[in-house]
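Naming convention: chains lettered A, B, ... in sequence-line order (proteins, then strands); numbering from 1 in each chain. Because only heavy atoms are used, hydrogens play no part in the values below, and waters and symmetry mates are left out as well, while side chains stay in.
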Amino acid sequence: MKLIFEKHKEGRRGFTQAKPDVPETKGLDGKYMRKSAPRLASVSELDVIRHYSGLSRLNYSVDTNFYPLGSCTMKYNPKFTERIASLEGFTDVHPLLPQLSGGGMLAQGSLEVLYEAERLLSEITGMSAFTMQPLAGAHGELTGAMLIAAYHKANGARRKYVIVPDSSHGTNPASAAIAGYEVIVIKTGPDGYMDLEEYKKKLNKDVAAVMLTCPDTLGLFNPRIKEIADMAHGVGALMYYDGANLNAMLGKCRPGDIGFDVIHINLHKTFATPHGGGGPGSGPVGVGEKLIEFLPISRVIRRSDGTFALDYHCHKTIGYIAPFYGNFGVILKAYAYMLCLGREGLVEAAEAAVLGANYCRARLKAYYDLPFDKICMHECVFSASRQAKHGVHAIDIAKYLIDKGFHPPTVYFPMIVKEALMIEPTETESKETLDEFIEVMIEIARLAEENPSLVTQAPIHMPVKRLDETKAAREPNLRFR
Amino acid sequence: MSYIPHTKDDVKAMLKAIGVSRVEDLFKDIPAALRPKSFNIPPGKSESEVTEHLKKLASKNATGLINFVGAGFYDHFIPAAVDAIVSRSEFYTAYTPYQPECSQGWLQAIYEYQTVICELTGLDVSNASLYDGGTALYEAAMMAVRFTGRKKIIVDSGVNLIYRTMLYSYTSNLSIEFLETPVVHGQSSREELLKHVDDKTAAVILQNPNFFGSVDDYSDIVEKVHKNGALAIASVYPVSLGLLKSPGEMGFDIATGEGQSLGIPLSFGGPYLGFMAAKKELVRQMPGRIVGATVDKDGRRGFVLTLQTREQHIRREKATSNICSNEALCALRAAVFVSLLGAEGLKELAERNYQKAEFAKSELLRISGVEVKRSSPTFNEFTVLLPRQANEVVYRMIDKGFACGFPLGRFYKGMDNYLLVAVTEKRTKEDIRKFADCLEAVL
Amino acid sequence: MNIPKDLFYTKDHEWARLEGKKAYVGITDYAQGALGDITFAGLPKNGDAVKQSDLCATVESVKAASDVYAPLSGRVVSLNEKLAAHPELVNKSPYEEGYFFVMDVSDESEKTKLMDAASYGKYLEGIAK
C-alpha cells in the first residue's frame, strides 16, 4: 500500500478548525519560529479513513484470527470494556484535578476505580498492596527492582546481584541491569526447572532478589518453588514474581502465599485488555507488607467517610515512576473485566486456559518434539528439531501458519529450547478453533517429511512474501523522505 | 459472565485426549500447601450490571468544568476520525508486529508515525514510541550517558518537575550526577547553565516551551554544549511544533516529549505517548522498537521491526533498555491526528492556541492586582502573579465552574501566588471573558 | 571451513594476524557462519587500550548480538572503516577485507595463550561433536 505521504495533494485538508473568535495579536518573534514546515501529508478525511482502514486489514488480530502467541496471552478482549473506557466521565478528566486545592472531589469516580482495582488485584495475588502506576510489564519490573533496592538500602545493605533463570523473559535481566544490578543466570535442569544445585551455589548474601516467572516460560509449574523462595529468604534476598503467566494461576495459587515479595501483573495479558498493536499495556506492582512503605507516590487511599484521596505521606518512597496514577484507561478496562468474571469466572478462565494448552500438547506430541513431556499450565513449548532435519525450521512453520490464517505461536523463545514453538491458546478459543490449528500443525509435520519446500516458501498468500530483514538492518530506512 | 466457549462435551473430549479425568488433575503440580489461603472475590456480574456501576462512577467525576489546567497535559479537541480508526479491532486486538507478513498494517502505520515524529522534531530517526514523556526523557538521559561514557547531567529547572522527579527516581541507584540550573524571568539562565558544562558532562536537558510556558531559542546553548562533547536533549510539546523552531533546527541531538496533545484523551493520566527522535548516529543507542522499510522476495516494499539487537529479547542484561511494549495505539492516534491536520492544519492549530492565550493574557491583565510577566514570550500557557495565594483562588474558582490553572506553589518554593494558566483552541472568547470576570470576583 | 595457517585463534573465535609489532584482528570463518548475515560491527575507538580477553567490539546479525574479545593486549591504531557501510565483508572475507581493527601489540608473548590453526581446527571439531 502507498504511504499516507504518497497520497499527499497540496491544498487538501482533513480537518477544519473553528474560525478565530479572538482578535489577532502580533505573532511570535521570528527567531522562535520554525523555518521549514514539517513535510506531512495533506489529505482529506476520507483519504485518512480509507488509508488506515486499508492498513488495518493487513493485520492479524485476535478479533480476526486465532493468535496463540506464547507468553502474550492473546485472549478475547470483551467489547463492553471499550465502551466503558470511552465514557466522557472517564476520558475527559485532567490528571491534575485531584491535586488542586478543593479538587479532591473532582475525580472521585476515577480514584474509586484505582482503589478498588488495587484491592481486587491484592486478593487475587495474595499481596498486601499494589501500585497501579507502572505503565507496562517491563516498567513494573523496573519499579520492582527499584523497590527491592530501596528495601535493602533501608536495611543497610547494598546488594549487588539479581538471579534469573536462563529461561526467563529478556525483560527480567534487562530490568535488573537497568536498576543497577549485576545479573546471575541459572541454567535449566533436565527436568525443565531451574537447576537447584547451581542455584544453591550461586545464592549468597550479596543477592538482592531472585526473579522468577511462575509457571515458567516452558509452561511448567515448579513444585519446589516454595523451597526456592525459602532459600532466598534465608539469605535475606527477596523474591520477585514476573506475572506474565498469571493467567494459569487465578484462584489456583497466589504468589503471595508462595512467599513472593514483589510481583508485577500484565493487565493486558491476564485481565483481557487489548494489546493495542504493542501497547498500551499496564503493569501494576504488588508487594508484601514489608515493602509497602517504599511504594511510589502518590497512593490512593480511602478516608473514613468513604471518599478517596491521594496520599503523598510516604517518606521512604522510591518517588515518582510515572507522571500520574498509571495507564488509567487500561486499568479501568481490567477492573470492569474482573468485576464481570468474578470469583468463579476467574477460576474458570485459568482452568480453560490450562485445558486448552494441554489439549494442544496432547494432540501434537506425536508430531513434534516435546522437550519437557509433562502436564503444562497455560502454554506448551514444542521444538521443531525433528522438522528442522528436513530443512523446515520454526520460522518456516510460523510462515506456513500465516498462510493458513493463523497467527503463529511465539518462535525461538525460550532460548533454551532449540527451534522453540511456544503455544498459548488461551481460554477463549473453542475446541473447533484448536482442532483446525492442530490439523494444520499436523499437515506441516507431514509436509516437512514429504515436501518441505511447500512450507519453506510460505507465505505466498499474504500481501508480502518473506521480507529481507538483513537489508533492513544493514541499510536502515526508518522514515519516509 | 464468562467468555469461555467450551460445552460440557467439549471439556470431556479434551480431557479424554489429554488422558486425565478431571480438569483439576491438570493442576496437580501445585502442592496443596500452596493453594490460595483465600480468594475473596465477589461473584461475577453481567455486562449490563458492570456497565451501570461504572457509568455511575464516571458520573462522580467532574467533567463540566471549563479547563485552564495544562502543566504538560492539554485539553485539545480530538476529531472523531481518530476514534473511528483506533476503534478498529484489527488494530487494537493485535500485538507487537513480530511476524511482518501478517502485520504490514501496523508496521506501515508505525513507519508513518516515525516519519511524522522526525518531521515535527526536525531530527533523523524516531522509535515506535515509549510509555510517556517522562520515561522518554529518562531514556534519552541514559542514551547520552552510554553514548558519551560520562555521568554528569545538567537539567534546566524549566523542565517539568514531574519529569525531573522521575529522572531522579530511576537513577537513584546509578552513580549519575544531576545538576539543576535556575530559570530567571521565565527563561533558562545561560550564565548559570553554561558555567557547569564541561568535559565530564553527558547531556544538558532543556524544555520548550518550558514549564512556565516560556518559549526560547536554545541554539546558543546547544552550540556550547556540543563544544564540550556533550549531548543536548530537548523535551518538547508537539502541538507547539506547528509553529515553533524545532529541536533539530536548534541543533539538539535528542528530542522527547509527551504526545498526548496529538489526539489522545486526558484520561486521568494515561495511556499517553512518549515520543523520541534523535540524530542518526545515536540510533543504536535508542530504546524500544524501531520499524524499517525493506523489500520482500519479489522486491515489493514491506516493513519489519529492525535493529532488534539493541533490545531486551535479544541482548537481555546488555540491552539499551528493558522496554518491551510501546504505546502503539496511542502512536496510531497521533499519526491519524497529524494526517487529518496536515502541516497547514497543525500550524493553524498552534496559532489558535497562541492567539487565544494572548487574548487571555490581555483579559487577565485588566484585573487590578493581577500581573502577567511579559518579559519572555509564551505559547499557549503562561504564568500569572495573583494578589493572594493561588491555591485559594483555584479553590474558589472550582465553585464558579472553572479549573482555572495550576498553582505553581505546589512545585516551586516561594511561588505561592503564581498560577499557571493554559489556553487551548477549545476555549472560546466567551469562556475566556467569563474566566476573567470570575477571577476578578474571587480575588 | 577456512582456517588460514598463519593466524592465531581464540576460543571465542577471534583471530589475530601478527605483522611485526602490529596485529590485525577479526572474527573467524566459523564465527561469521554461525552468526549468519552480519548487519553491524561495533568497533572500538581508535586509540583505545585493550587487554587480552577483554570485550573490545560487538558483531550483530538480524537476531543475534555477539561480543568480540581482544586476542592480545595493546592499543587500537586503526579501524576497518569499510565495515560501517559494508558489514557483509565480515561474511565474504572474514580474514582479509572483513578484519575489524589493527592494534599495536604490547606483549607479544601473550600469543602463547592463543591457538594455532591446527589446534583451532581440532577445537572446532570438538564443538561440532
Other residues, nucleotides and ligands only: do more than 12 of their heavy atoms fall within 6.0 Å of CZ on A:R83?
no

With a 6.0 Å cut-off on the ring centroids, do B:F268 and A:Y325 count as close?
yes

Which bit of A:F5 comes within less than 4.5 Å of chain B, counting heavy atoms only: side chain, backbone, both or neither?
side chain

Please classify the contact of B:L341 with chain A as side chain, backbone, both or neither, using a heavy-atom distance under 4.5 Å.
both

Under a 4.5 Å heavy-atom cut-off, does chain A meet the side chain of B:L346, its backbone, both or neither?
side chain

Quick check for you: among A:R466, A:Q108, A:M462, which has the greatest number of heavy-atom pairs under 4.5 Å with chain B?
A:R466

For chain B, which candidate among A:R363, A:E24, A:E45 shows the most heavy-atom pairs at distances under 4.5 Å?
A:E24

Chain A heavy atoms under 4.5 Å from B:R35: which part of the residue, side chain, backbone, both or neither?
both

Hey, would you say the A:F324 and B:F73 ring centroids sit under 6.0 Å apart?
yes

Partner chain B: residue of A:N59, A:L55, A:V354 with the largest heavy-atom pair count (under 4.5 Å):
A:N59

Please look at B:R289 and chain A and tell me whether the side chain, the backbone, both or neither of the residue comes under 4.5 angstrom of a heavy atom of that chain.
neither

Given the options B:G269, B:P271, B:P100, B:A84, which has more heavy-atom pairs under 4.5 Å with chain A than any of the others?
B:P271

Of all of A:G137, A:G102, A:A176, A:G109, which one pairs up most often with chain B through heavy atoms under 4.5 Å apart?
A:G109

Below 4.5 Å from any heavy atom of chain B, which atoms of A:L96 appear? Answer side chain, backbone, both or neither.
side chain

Search all heavy atoms of A:L69 against all heavy atoms of A:M74 and return the closest pair with its distance.
CB-CG, 4.1 Å

So which part of B:L243 gets closer than 4.5 Å to some heavy atom of chain A, the side chain, the backbone, both or neither?
both

Between A:D257 and A:R254, does any side-chain N to carboxylate O distance fall below 4.0 Å?
yes

Residues B:E101, A:K399: salt bridge by 4.0 Å N-O rule
yes

Heavy atoms, side chains only, cut-off 4.5 Å: are A:I321 and B:M166 in contact?
no

Salt bridge present between A:E351 and A:K252 (N-O < 4.0 angstrom)
yes

Region of B:V11 that comes under 4.5 Å of a non-hydrogen atom in chain A:
both

If you count the non-hydrogen atoms of other residues, nucleotides and ligands that lie under 6.0 Å from CD in A:E344, is the total more than 12?
yes

For chain B, which of A:S101, A:G345, A:G89 has the most heavy-atom pairs under 4.5 Å?
A:S101

For A:P463, is it the side chain, the backbone, both or neither that has a heavy atom under 4.5 Å from a heavy atom of chain B?
both

Which bit of A:E429 is near chain B, if near means a heavy-atom gap under 4.5 Å: side chain, backbone, both or neither?
backbone

Return the orientation label for the B:Y131 and A:H139 ring planes: parallel under 30°, perpendicular over 60°, tilted otherwise.
tilted

Nearest 0.5 angstrom please: B:Y98 OH to B:S103 OG, how far?
11.0 Å

By a 4.5 Å heavy-atom criterion (distance strictly below it), what part of A:D63 contacts chain B: side chain, backbone, both, or neither?
both

With a 4.5 angstrom heavy-atom cut-off, is it the side chain or the backbone of A:E427 that approaches chain B, or both, or neither?
both

Can you tell whether the side chains of A:K35 and B:E249 come within less than 4.0 Å, N to carboxylate O?
no

Are there over 12 heavy-atom neighbours, none belonging to B:E47, within less than 6.0 Å of that residue's CD?
yes

Part of A:Y76 lying under 4.5 Å from any heavy atom of chain B
side chain

Under 4.0 Å between a Lys/Arg side-chain N and an Asp/Glu carboxylate O for B:E348 and A:R13?
yes

A:L3 portion near chain B, given a 4.5 angstrom heavy-atom threshold:
both

Counting heavy-atom pairs under 4.5 Å with chain B, the top scorer among A:G281, A:P459, A:A37 is A:P459

Does any backbone or side-chain atom of A:R12 lie under 4.5 Å from a heavy atom of chain B? Answer side chain, backbone, both or neither.
neither

Qualifying residue, where the test is side-chain contact (heavy atoms from CB on, under 4.5 Å) with A:V93 and the options are B:N67, B:L65, B:T63, B:L266:
B:T63

Please look at B:K28 and chain A and tell me whether the side chain, the backbone, both or neither of the residue comes under 4.5 angstrom of a heavy atom of that chain.
side chain

Engaged part of A:H169 at the chain B interface, taking heavy atoms whose separation is under 4.5 Å
backbone

At a heavy-atom separation under 4.5 Å, does A:M1 approach chain B through its side chain, its backbone, both, or neither?
both

Bottom line for A:L346: the part with an atom under 4.5 Å from chain B's heavy atoms is side chain

May I ask you to check whether over 12 heavy atoms, not counting those of B:K297, lie within 6.0 Å of atom NZ?
yes

Crowding at OH, B:Y395 (>12 non-hydrogen neighbours, <6.0 Å):
no

Turns out that what part of B:H313 lies under 4.5 Å from chain A's heavy atoms comes down to backbone

Please look at B:F359 and chain A and tell me whether the side chain, the backbone, both or neither of the residue comes under 4.5 angstrom of a heavy atom of that chain.
side chain

Between A:S86 and chain B, which part of the residue has a heavy atom less than 4.5 Å away: side chain, backbone, both or neither?
neither

Is it true that a side-chain atom of B:D296 and a backbone atom of B:D298 form a donor plus acceptor pair closer than 3.5 Å?
yes

Bottom line for A:T64: the part with an atom under 4.5 Å from chain B's heavy atoms is side chain

Sort B:V125 into side chain, backbone, both or neither according to what part of it lies under 4.5 angstrom from a heavy atom of chain A.
side chain

